[in-house]
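Let me begin by presenting the structure, written as structure tokens, before commenting on it.
Lettering of chains follows the sequences in order, A, B, ..., and the numbering in each one begins at 1. The basis for the numbers below is simple: all heavy atoms, side chains too, and nothing from hydrogens, waters or symmetry mates.
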Amino acid sequence: MVLHLDMDYFFAQVEERENPRFKGVPLVVGADPKKGKGRGVVSTCNYEARKFGIHSGMAISKAYEACPEAIYLPVNMELYSRVSENIFRIIEKVSEKYEKVSLDEAYIDLSGLAENYKQAERIGCDLKKLIFKKEKLTCSVGIGENKMIAKIASEEDKPDGLKVVKAGDALKFISQKSIREIPGIGPKTEKKLEIILEKSGLKIKDLRAISKKQLVDVLGKRGEEIYKNVRGEDDSEIDLKTKTKSIGKEITFDQDTLDPEKIISTFKNLSQRVAGMAKTEERPIKTVVVTCRFENFNTYSRQVSFKPRKPTKGLIYKKGAKLLLKLLAKKLKPVRLLGIRVIFDESDKE
DNA sequence: AATTCATTATCAC
DNA sequence: CTAACGGTGATAATGAATT
């Protein structure tokens, strides 16, 4: 049995807690809609803002159009990280066997902890109470036989929800849900499936009409998983503490630029920060990846691998600058975004 | 033939 | 009028380069 925990509108809820005058009015956490013409997106917003049609991932300029009177706050990641750590400390009191999906989301393995659904529900309820008592934040919990069911269940009664889906009810529970609720089906996959079935607004049960072969044909390896998923099955394991595989930084300019000074100084800055973060991992890196997005949104990456070496600022910048120059020499247009990432050496396995 | 490398696509939060 | 659209990290597909 699996428990999925999802903090409700996390960043915005934390801001409400820190500053109660944000409660009850539309609140959007993301970029400043006025600064730099508002090129960012909405990170999270509270439910009052959602009434205006605002949601995560929406362009901040569009959100501003929908609700200029909302309060717009910048992302205060340091604050949310601290709160997140507190929450995970609470989760650890329930079980060490958990998978951290993000700052505000986790799967907990209930095998060995709960013999039946009643006990599982008790654990979920206690966890919610504990988090609220310690952190004054609400969350939603879903419980099911596998990760997918638990995840879809946690959405069911949000916010402040607690939903248990018994094994026998799982198939029925997911049948009428949008196929987008299946983890791994995004906009592109949805479109492909709509073409196969010549129908939009697909429900999970609709996908049961597609053969395994056709799914694999169209979706590749993921088709195999999706074939099982739409039948309520999910083999994916709870992934305990895995090592970071890569670290990167990227930045979108306030305005697209061709200014070499600006490009270089920005790139230097990114490199330095990546080096700083990579060093704390105390592991060698073996690849540097540079990303560049131009004004037309075309995005390119260039990478180079080498003998695993310590992630020094000089190494990362040198390798990266060479790649960047090579790229810019070919495709010179005003630059929208620059990024650099390092990939750690993985040769040391378990 | 098998493995690694490079690049792009897709996804999640 | 339409498009607008971050930052971080993971995985897969595909084809080329190496071993």
Side-chain angles (χ1 to χ4, degrees), chain A residues 4 6-7 9-11 28-33 35-44 54-66 74-75 77 80-81 84 99-107 147-148 151 154-155 180-192 216-226 236 239 242-254 256 270 273-274 277-278 281 286-293 295-308 323 326-327 330-331 336-347:
Chain A
H4 180 251
D6 197 356
M7 298 303 297
Y9 66 108
F10 185 53
F11 296 176
V28 178
V29 179
D32 185 331
K35 190 182 163 190
K37 213 180 154 221
R39 300 179 79 154
V41 299
V42 174
S43 258
T44 328
I54 299 174
H55 57 82
S56 304
M58 175 184 266
I60 205 83
S61 53
K62 191 177 174 186
Y64 189 72
E65 235 175 68
V75 176
M77 201 54 86
Y80 317 140
S81 297
S84 173
E99 173 179 341
K100 176 174 175 169
V101 181
S102 66
L103 283 186
D104 72 331
E105 218 184 303
Y107 292 98
K147 282 169 67 173
M148 179 192 68
K151 164 116 186 154
S154 70
E155 290 293 315
R180 290 295 303 277
E181 304 237 1
I182 294 178
I185 299 189
K188 305 288 185 178
T189 308
E190 180 182 34
K191 190 139 287 168
K192 286 181 191 170
V216 172
D217 267 8
V218 178
L219 305 180
K221 198 178 166 184
R222 281 210 323 282
E224 197 89 31
E225 306 310 315
I226 288 173
S236 65
D239 210 345
T242 40
K243 286 182 288 188
T244 306
K245 295 177 177 161
S246 71
I247 283 181
K249 277 268 164 211
E250 54 183 58
I251 182 92
T252 297
F253 291 106
D254 290 344
D256 303 340
L270 291 171
R273 290 197 277 163
V274 167
M277 292 190 296
E281 287 278 327
K286 73 188 293 270
T287 306
V288 171
V289 190
V290 164
T291 303
C292 189
R293 170 133 75 216
E295 58 177 353
N296 60 2
F297 235 77
N298 284 351
T299 308
Y300 303 89
S301 74
R302 292 294 179 267
Q303 68 186 67
V304 63
S305 299
F306 39 82
K307 281 281 187 170
L323 293 170
K326 189 170 81 178
L327 208 167
K330 278 262 176 202
K331 327 240 178 199
R336 181 184 180 95
L337 167 149
L338 274 185
I340 182 164
R341 168 167 300 275
V342 297
I343 303 176
F344 293 104
D345 179 36
E346 290 274 7
S347 55

Check your understanding: Step by step, would you call Met77(A) with Leu103(A) a side chain to side chain contact (heavy atoms under 4.5 Å, CB included)?
Key -> CA-CA 10 Å; Met77(A) 201 54 86; Leu103(A) 283 186; 3.7 Å; yes
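Whole-Å rounding puts the Leu338(A) CG to dG6(C) P distance at 13 Å. Nucleotide dG6(C) holds its P atom 15 Å from the CG atom of Leu270(A), rounded to whole Å. Residue Ile251(A) contributes atom CD1, which lies 8 Å from atom P of dT8(C) at whole-angstrom precision. One can place NE2 of His55(A) at 11 Å from C1' of dC5(C), the figure rounded to the nearest angstrom. One atom, NZ of Lys100(A), and another, C1' of dA12(B), lie 15 Å apart when rounded to the nearest Å. One atom, NZ of Lys307(A), and another, C1' of dT4(B), lie 13 Å apart when rounded to the nearest Å. A straight line from CD of Glu190(A) to C1' of dC11(B) spans 13 Å, rounded to a whole angstrom. Across the protein-nucleic acid pair, Ile182(A) atom CD1 and dA12(B) atom P stand 11 Å apart, rounded to whole Å.
Between dA4(C), dC5(C), dG9(C), one nucleotide has an atom nearer to the side chain of Arg336(A) than all others, and that is dC5(C). The side chain of Ser305(A) has dC5(B) as its nearest neighbour among dC5(C), dG9(C), dC5(B). Closest to the Pro187(A) side chain, of the nucleotides dT7(B), dA4(C), dC11(B), is dC11(B). For Arg302(A), whose side chain is taken as the heavy atoms from C-beta onward, the closest listed nucleotide among dC5(C), dT8(B), dG9(C) is dT8(B). Among the nucleotides dC5(C), dC5(B), dC11(B), the one closest to the side chain of Lys286(A) is dC5(B). Distance from the side chain of Thr252(A) is smallest to dG6(C) among dA10(C), dG6(C), dC11(B). Taking the side chain of Ser301(A) as heavy atoms from C-beta on, and the options dT7(B), dA6(B), dG6(C), the nearest nucleotide is dT7(B). Side chain of Ile247(A), nearest nucleotide from dG9(C), dC11(B), dC5(B): dG9(C). Distances were taken from every side-chain heavy atom of Lys249(A) (C-beta onward) to each of dT8(C), dT10(B), dC5(C); the shortest belongs to dT8(C). For Phe297(A), whose side chain is taken as the heavy atoms from C-beta onward, the closest listed nucleotide among dT8(C), dG6(C), dG9(C) is dG6(C).
When heavy atoms are screened at a 4.0 angstrom cut-off, Lys62(A) is found touching base atoms of the nucleic acid. Among the protein residues, Leu327(A) comes within range of no part of the nucleic acid, since none of its heavy atoms lies under 4.0 Å from any strand. Among the atoms of the strands shown, base atoms are found under 4.0 Å from some heavy atom of Glu65(A). Contact annotation for Val75(A): no contact, since no heavy-atom pair falls under 4.0 Å across all strands. Here Arg341(A) lies in heavy-atom contact (under 4.0 Å) with a base. Among the protein residues, Thr189(A) comes within range of the sugar-phosphate backbone only, with heavy atoms under 4.0 Å from sugar or phosphate atoms but none that close to a base.
A donor atom on one side chain and an acceptor atom on the other are not found under 3.5 Å apart for Ser56(A) and Thr44(A). The closest side-chain donor-acceptor pair between Thr189(A) and Arg222(A) falls under 3.5 angstrom.
The side-chain heavy atoms of Leu219(A) and Lys192(A), taken from C-beta on, include a pair separated by under 4.5 Å. Annotation: side chain of Val101(A) is not in contact with side chain of Asp6(A) (no heavy-atom distance under 4.5 Å). The shortest side-chain heavy-atom distance between Phe253(A) and Leu338(A) falls under the 4.5 Å cut-off. Tyr9(A) is not listed as a side-chain neighbour of Val29(A), based on a closest heavy-atom distance of 4.5 Å or more.
Distance noted for atom C1' between dC11(B) and dG6(C): 15 Å (whole Å).
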Study note, to complete from the structure: Each nucleotide of nucleotides 11-19 of chain C classed B (base within 4.0 Å of a protein heavy atom), S (only sugar-phosphate) or -, in 5' to 3' order, makes SSS------
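A side-chain donor-acceptor contact under 3.5 Å links Arg39(A) to the backbone of Asp254(A).
Taking the six-membered ring for Trp and thresholds of 30 and 60 degrees, Phe11(A) and Tyr80(A) have nearly parallel ring planes, at less than 30 degrees apart.
When the side-chain nitrogen and oxygen atoms of Thr287(A) are compared with OP1 and OP2 of dC5(B), none of them lie within a distance under 4.0 Å.
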